[in-house]
Amino acid sequence: MAHTEITAVRSQRQASPTAASVTGLSIGEYLIRRLQDYGIGHVFGIPGDYILQFYSMLDASPLEIVTTTREDCAGFAADAYARVQGMGAVCVTYCVGGLSLCNSVAGAYAEKSPVVVITGSPGLKERHNNPLLHHRVRDFRTQYDVFEKLCIACTELHDPLIAFHEIDRVLHAAARYKRPVYIEIPRDMVGVVPQQPHQFVQTHLVEAERWLNSCQRAAIVGGVEIHRFGLQDDLLALAEKSHIPITTTMLGKSIIPETHPLFVGLYEGAMGNDVVTKFVEESDCLLLLGTFMTDINLGIYTANLDPGKCIYATSEQLRIRHHHFENVLLVDFIRELAARHPKPPRRPIPVVQNLATEKFVLKPQEPIRVARVIARLNESLNDETVVIADIGDSLFAATELVIRGRTEFVSPAYYTSMGFSIPAALGTQIARPDLRSVVIVGDGAFQMTGAELSSLIRHKFPTIIIVLDNGGYGTERFLHPGKFEFNEVQPWAYHKLPEVYGGGKGYEARTEGEFDEALRRAWADTKNLSLIQVHLDRDDHSVALQRLTEKLSKRI
Ligand SMILES: Cc1ncc(C[n+]2csc(CCOP(=O)(O)OP(=O)(O)O)c2C)c(N)n1
Ligand SMILES: [Mg+2]
């Protein structure tokens, strides 16, 4: 084999190397070090004289040896370990051990399980004059030739100049293709220390895990892709195993139950709750998982996130600090990171004042306000509810709702097109007739597409529609203060529309008592659509809208 120069293997887009460097390690020690980098904690197998030197090195290392009765069983065990843990290893002696592994390794190849086969072989110095050493079959390469057919990559570590590079190449292939690989170490090479320094690129998982283990203040910001790719349980598993607190973005609202002990709140930059903002922005290792970095999601770019402190993983890219990694699936990243059990120091979860911490006490005579609509509605949400919020104060106010269990929250919080909610309720109810949708919509947005009530009534869906009637485009009024006719809309008797469309019931609410009564009746009526027209003061608004308009008006 030609001697090649040892260089760090870098992903093409990797701006600066994430290379770790080693000097003074023997070939056996380097292999042990790299196995751990890939999350391997146990090695299955049976020792024999051609692999004894490496076995004693393993014994002195953090890796645990698990012996079995037969080599093929060690192969099956390593295969199962790989499926659960991400990668497995089996270590056996030359031919009598190795060739016994063929069937298990063939199975691992067929079913895509990354098992590292490590085998000893006669020392290079013992091979002069072609002696008939025990365990030899045809020639010294027989076992290698057999495994070349069963593995995605093979190497024989006969040259100290390239041995480390070969170990990197082969392990990378196992991780990349999820197939078994073969590493043969002549027994007199195990303790050889290559003289040149070696640099290698840490895998994304190693880098993420090491960082999480050494940081002080880890946190997760979960985004909408967690919902779109159905990764809610995977995200929770990662957070729970490693005890990492979770926040979500507005688009990602409802990806985890907001009553979960690890949930901190919604992260919306300066637009959101100060305690949550501080908690996220003080993190020295922030996992942004499936998060869309949109303007609204980032609190109109008031988010203060240092890329040097972030792991940013989406379906399209993986970036750890300033290092880019190609072709890493979001699902794999979350699952494999969870399997490695990173253990950042536990961070106390701050107490955030929200609707879950405040008991709702009805003030029946009080004029109804947006914040009180949301607080009262919050009492009624359950696992069978889908909340659909339209654009306007409906969305900002609804972000205060505390999502319990699997309550879904649907809104066009990135594209922000008004008029989404009523047609979206139709689509939601058709897809999930077992759930009940509650729509929160402003009067302006309702006037755009509210006629779709007709279809909801036609299908007899018991949708609850809450029309926040402030007599016009409230959000725009806040954004651009002044009395402008273009922000007014024609006042409609919204509560009469069910009658016009031929089904369902309409209610009007001017006080908290009236709203409470209407909502109770609507909730109890599981056969008909209900529309509650909430008469608001035209200057009423949610706290979130107040914060948002303050930020926006500074930029426009
Ligand atoms: C299709 C569309 N047109 C215009 C806008 C701009 N816009 C954003 S909020 C808003 C006013 C919404 O009024 P309303 O539905 O009554 O809700 P409110 O702000 O009063 O709570 C407008 C016109 C938009 N987002 N989408
Ligand atoms: Mg309005």
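Numbers here are sequence positions counted from 1.
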Taking [X] for the side chain and [Y] for the main chain, is one N or O donor matched with an acceptor at less than 3.5 Å?
X	Y	answer
D284	C215	no
N378	V402	yes
T416	A413	no
E517	G513	no

Of all residues at least two apart in sequence or in a different chain, which pass the side chain to side chain contact (heavy atoms under 4.5 Å, CB included) check with [X]?
X	value
S254	I403, F409
K278	E282
S394	I440, L468
D540	R369, V370, L536, D537

Is the number of heavy atoms from other residues, nucleotides or ligands under 6.0 Å of [X] [atom1] greater than 12?
X	atom1	answer
E240	CD	yes
E358	CD	yes
H172	NE2	no
K309	NZ	no
Y415	OH	no
K496	NZ	no

query = Taking atom types as modelled and ignoring hydrogens, do the side chains of Y501 and E452 form a donor-acceptor contact shorter than 3.5 angstrom?
reply = no
key: Stacked cation flag R347 on F279, 6.0 angstrom / 45 deg   =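 Yes, R347 and F279 form such a contact.
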request  = Can you sort out the partners of D434 under salt bridge (Lys or Arg N to Asp or Glu O under 4.0 Å), two or more places apart, ordered by chain and number?
outcome  =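 Listed in chain order: R432.
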Name each donor-acceptor pair under 3.5 Å that joins a side chain in residues 422-429 to protein atoms two or more places apart or in another chain, with its distance.
unit_1	atom_1	unit_2	atom_2	d
T428	OG1	A424	O	2.7
Q429	OE1	S437	N	3.2
Q429	OE1	S437	OG	2.8
Q429	OE1	T463	OG1	3.1
Q429	NE2	L435	O	2.8

key: Matching residue for L401 among T385, V438, V387 - test: side-chain contact (heavy atoms from CB on, under 4.5 Å)   = V387
task = Applying side-chain contact (heavy atoms from CB on, under 4.5 Å) between L318 and each of H323, H204, H324, E326, report the one that passes.
result =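 Exactly one candidate clears the test, H204.
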inquiry  = Is any side-chain heavy atom of K363 closer than 4.5 Å to one of R372?
reply    =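 R372 reaches K363 side chain to side chain.
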